[in-house]
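Lettering follows sequence order; numbering is per chain, from 1.
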Amino acid sequence: MGNKVKTAISPTREEDYPMWYQEVVKASEMAEKSSVRGCMVIRPWGYTLWENMVAILDAEFKETGVKNAYFPLFIPLSYLEKEAEHVEGFAKECAVVTHHKLEQGPNGGLVPAGELAEPLIVRPTSETIIGESMSRWVSSYRDLPVLINQWANVVRWEMRTRIFLRTSEFLWQEGHTAHATEEEARQRTSMMLDVYTKFVEECLAMPVVKGRKSESERFPGAVDTTCIEAMMQDKKALQAGTSHFLGQNFAKGSDIRFQDADGKDQFAWTTSWGVSTRMIGGMIMTHGDDDGVIMPPRVAPAHVVLLPIFRNDEEKKDVMEYVNSLAGELRQILYHDRKIVVEIDERDTGGARGWEWIKKGIPVRAEIGPKDVEKNAVFAARRDRTPKEKSSIARSDFINGMVEMLDEIQATLFKRAKDFKDSNTHQIDDKNKFYDFYKSKEGIHGGFVMAHWCESLDCEAKIKEDLSVTIRCIPFDSPEESGKCIYCGGKSQKRVLFAKAY
RNA sequence: CGGGAUGUGGCUCAGUCUGGUAGAGCACAGCGUUCGGGACGCUGGGGUCGGAGGUUCGAAUCCUCUCAUCCCGACCA
C-alpha cells in the first residue's frame with residue numbers, strides 16, 4: 001500500500017474510469033445487469049432514488065399545468081411511419097412484436113404462433129401514438145393547449161449498453177404538448193428545459209450547459225432540439241435532458257388540426273421533452289469518488305444511517321434505546337418537503353457495515369456506542385468528506401443541525417462539480433491546439449472546448465471523424481462575437497460547445 | 001452483419017495441451033476470539049464443469065453440432 005490510500009472501489013477513477021463506474025453501480029447496490037441482454041434490474045437503493053427524482057419532477061410539471069396520462073406500450077408500425085425523419089431515426093433500434101401467442105413446438109419448446117396482421121413496435125418514444133390521440137381531442141383553438149406527460153418505460157434496441165447510461169429498456173418521462181401558435185410552443189419548449197435545469201442543478205447538484213443542438217444532433221423530426229449538457233469526471237459530456245420544438249411536423253403526420261378564432265383550419269404546434277434513468281448514471285459520474293457513490297441529499301434514498309456499536313446484550317439494550325429515540329426525532333424533521341429518512345443498521349458485521357454505507361453514498365453516517373450514550377452525543381461522518389473524518393457531536397446539535405448539514409453537503413457537491421466543469425472548459429481558437437487538446441485516445445483527458453464554428457455540417461462531421469469530438473450544443477449564453485471556424489477558418493458569430501460525449 | 005475470445009459452486013478464476021467421475025480465493029452459515037471496526041481462527045453448506053450428440057472401460061478434459069455472453073469493427077448517443 002505504501003502511502004496510497006485504500007479505496008473501497010477498485011479500479012479507481014484514475015486507473016480505469018469505465019470500469020470504476022461499473023463497480024460503483026454494483027457496489028452501491030443501485031442496479032445490476034439482468035440476464036436479459038441490455039436490460040437492467042434497478043434495486044431498491046437505486047429505485048428509491050428514482051422515485052425521489054420522479055416525485056420532485058412530477059410536482060414541477062404539474063405546477064406548469066401539465067397532467068399525467070398513459071398511452072399504449074405497443075405502437076402500430078404504420079404510426080411510426082407518419083413522420084419521415086422520425087422513422088429513419090428510430091427504425092434501426094425497434095423491438096417488433098409479430099405474434100400474439102405461443103404454441104408447443106416440435107421439440108417440446110414453445111414457438112411463436114398467430115402472426116399479427118400488422119406488427120406492433122414497442123415504443124421507443126411516443127410522439128406518434130400520443131399524436132393520434134391528440135388529433136381526436138383537438139378540433140378548436142379552445143381545446144388548446146394540450147399538456148400531457150407520461151411516466152413510462154421505453155425500448156431502444158441498443159448495440160452496446162451501459163447500465164443507466166444506455167440500456168435497451170429504460171424508464172423515463174415524456175411530455176407532449178400541442179399549441180395554437182408557434183410562439184407558445186417555443187415558450188413551452190424552453191419552459192420545460194428550465195424545469196430540467198433547475199432540477200438537475202438544485203436537486204442532483206449537477207451544473208449544466210443549456211443550449212440548442214446542431215442539425216446533426218437533433219431529435220428525428222424536430223425543428224429544434226434544446227438540451228442540458230453536464231460534464232462527467234472523465235471530462236466527457238452527458239446529455240441530462242432534452243426539450244424539443246417539433247414545429248408542425250408531427251401535427252401534420254398525426255393530423256392534429258384545429259379551427260382558429262377566425263374559423264381557419266390550422267395545424268397545431270407541438271413539443272416533447274424528456275429525462276430518463278440516464279440521469280442517475282450522470283449523477284454517479286458527477287459526484288462519485290473512489291469509495292463509491294455520493295448521493296446528493298435532496299434526492300438521496302436515505303439521509304442518515306445510524307450504526308449502533310455494542311459488545312453484549314446489556315450494551316445493546318442501552319444503545320438501541322438511544323438509537324431508536326434519536327431516529328424517531330430525526331424522522332420528524334422536514335428537509336425540503338420530505339421527512340428525513342433514517343436507516344438503522346444493527347447488523348454485527350464489523351467495519352464492513354460502515355463501508356457499505358459509504359459505497360452507497362448515504363450523506364450522513366453516525367456511529368453510536370456506549371460512550372456516546374453516556375455523553376449524550378453521536379460520532380458522525382459526512383459522505384462529502386474523507387471516511388476517516390468523524391467527530392463527536394452533541395445529540396441536540398446533531399438533530400438541530402441536520403437540515404443545515406444536508407444543505408451544506410448538497411452545496412459542496414454542486415460547487416465541487418461546478419469548479420471541475422469550469423476548470424475543464426477552455427476557449428480554443430487554433431485548430432492545431434484544438435486537435436492536440438483532444439488527441440490522446442486513452443484515459444481521462446480533454447474536456448469542454450468553446451470554439452467557433454461556421455455552422456457547416458461538413459466541418460462538424462470532419463471533427464467527429466478525426467477526434468470523436470462532437471458539438472454538444474450551441475449554448476444559449478454564448479455571446480455574439482466574430483471569429484473563425486475552428487476547422488475551416490470560415491466566418492462564425494458564436495462559440496459552440498465541443499466535447500466527447502456519452 | 002464481419003473479426004477475435006470465453007462459457008467450471010453466488011462472484012473471480014485454476015484444472016483442459018499430457019482423458020481416470022472437481023479445486024482455490026472471495027462471499028455465505030455456525031461457533032469462538034476480537035472490534036468505535038472494511039479483523040482472525042476453526043467447522044460447514046453449495047458446483048457434475050453452457051447444451052446436445054459422438055469417441056472411449058472411463059470425458060470438465062478429445063471430436064461434431066448448438067446456444068449464450070464478452071471485446072473490436074459496423075451502427076447508435
Checklist line | d(CZ, A:Arg353; P, B:A27) in whole Å | finding: 17 Å
Item checked: Beyond-backbone contact of A:Val122 with A:Val97, side-chain heavy atoms, under 4.5 angstrom -> yes
Notebook entry, point to check: NA contact type, A:Gly354, heavy-atom cut-off 4.0 Å: base, sugar-phosphate, or nothing?
Noted result: nothing
Checklist line | ring-ring contact (aromatic ring centres under 6.0 Å, His included) partner of A:His426, the single match among A:Tyr438, A:Phe448, A:Phe498, A:Phe437 | finding: A:Phe437
Checklist line | side-chain hydrogen bond (donor to acceptor under 3.5 Å, both in side chains) partner of A:Asp224, chosen from A:Arg186, A:Lys213, A:Arg218 | finding: A:Arg186
Check: Could A:Arg383 and A:Asp289 be called an ion pair, given the rule that one side-chain N must be under 4.0 Å from one carboxylate O?
Finding: yes
Checklist line | Residue list, salt bridge (Lys or Arg N to Asp or Glu O under 4.0 Å) with A:Lys82, at least two apart or on another chain | finding: none
Check: CD of A:Gln22 versus P of B:U12: gap in Å, rounded?
Finding: 11 Å
Next item on the list: Could you check if a side-chain atom of A:Val304 sits within less than 4.5 angstrom of a side-chain atom of A:Phe398, using non-hydrogen atoms only?
Entry: yes
Notebook entry, point to check: Tell me, for nucleotides 70-77 of chain B in 5' to 3' order, what letter each nucleotide earns: B for a base near a protein heavy atom under 4.0 Å, S for only sugar-phosphate near one, - for neither?
Noted result: S-S-BBBB
Margin query: Tell me which nucleotide, if any, is Watson-Crick or G-U wobble paired with B:A68 when both distances must be under 3.5 Å.
Written below: B:U6
Margin query: Suppose you measure atom C1' in B:G46 against the same atom in B:C63; what distance do you get, rounded to whole Å?
Written below: 33 Å
Check: Rounding to a whole Å, what distance do you find between A:Glu32:CD and B:C11:P?
Finding: 11 Å
Margin query: Whether A:Glu455 and A:Lys494 form a salt bridge (side-chain N of Lys/Arg under 4.0 Å from carboxylate O of Asp/Glu) is what I want to check.
Written below: no
Margin query: What is the separation between atom CG on A:Asp348 and atom C1' on B:G30, rounded to the nearest whole Å?
Written below: 14 Å
Item checked: Rounded P spacing from B:G15 to B:U6 in Å -> 12 Å
Checklist line | Whole angstrom value for the distance that separates P of B:U34 from CZ of A:Phe310 | finding: 17 Å
Margin query: For a quick check of understanding: with a heavy-atom distance under 4.0 Å over all strands, which category does A:Pro387 fall into, base, sugar-phosphate or nothing?
Written below: nothing
Item checked: Separation between the P atoms of B:G51 and B:U8, rounded to whole Å -> 10 Å
Checklist line | Rounded distance (Å) that lies between atom C1' of B:C26 and atom CH2 of A:Trp355 | finding: 19 Å
Next item on the list: Treat primed atoms plus P, OP1 and OP2 as sugar-phosphate and everything else as base, then score nucleotides 3-8 of chain B 5' to 3': B for base contact with protein heavy atoms under 4.0 Å, S for sugar-phosphate contact only, - for none.
Entry: ------
Kindly give the atom pairs (protein nitrogen or oxygen, nucleotide nitrogen or oxygen) under 3.5 Å for nucleotides 40-43 of chain B.
none

Notebook entry, point to check: Between A:Arg311 and B:G36, is there a side-chain N or O to OP1/OP2 distance below 4.0 Å?
Noted result: yes
Next item on the list: With a 4.0 Å heavy-atom cut-off, tell me which residues in residues 371-383 of chain A come close to RNA chain B, sorted by residue number.
Entry: A:Lys371, A:Asp372, A:Phe379
Note to self: Do the side chains of A:Arg382 and A:Glu389 get close enough for a salt bridge, i.e. N-O under 4.0 angstrom?
What the structure shows: no
Notebook entry, point to check: Taking any strand in view, what nucleotide pairs with B:C42 in a Watson-Crick or G-U wobble way, both distances under 3.5 Å?
Noted result: B:G30
Notebook entry, point to check: Do other residues, nucleotides or ligands put more than 12 heavy atoms under 6.0 Å from A:Arg212 CZ?
Noted result: no
Checklist line | A:Lys210 and A:Asp194 ion-paired at < 4.0 Å | finding: yes
Next item on the list: Give a yes or no on whether a salt bridge exists between A:Asp290 and A:Arg13, defined as a side-chain N under 4.0 angstrom from a carboxylate O.
Entry: yes
Check: What is the distance, rounded to the nearest whole Å, between atom CD of A:Glu315 and atom C1' of B:G36?
Finding: 11 Å
Check: Do A:Thr125 and A:Glu127 get their side chains close enough for a donor-acceptor pair, meaning under 3.5 Å?
Finding: yes
Notebook entry, point to check: Distance between the C1' atoms of B:A27 and B:G9, in whole angstroms?
Noted result: 11 Å
Note to self: Test of understanding: with side-chain contact (heavy atoms from CB on, under 4.5 Å), list the residues that count as partners of A:Arg311, not counting sequence neighbours.
What the structure shows: A:Glu315
Checklist line | Side-chain ion pair, A:Asp372 and A:Lys375, N-O less than 4.0 Å | finding: no
Notebook entry, point to check: Atom CH2 of A:Trp157 and atom C1' of B:C1: how far apart are they, to the nearest Å?
Noted result: 17 Å
Next item on the list: Start with the C-alpha gap between A:Ile471 and A:Trp453, add the side-chain angles, then the distance that decides, and say whether side chain to side chain contact (heavy atoms under 4.5 Å, CB included) holds.
Entry: CA-CA 9 Å; A:Ile471 296 171; A:Trp453 174 54; 3.4 Å; yes
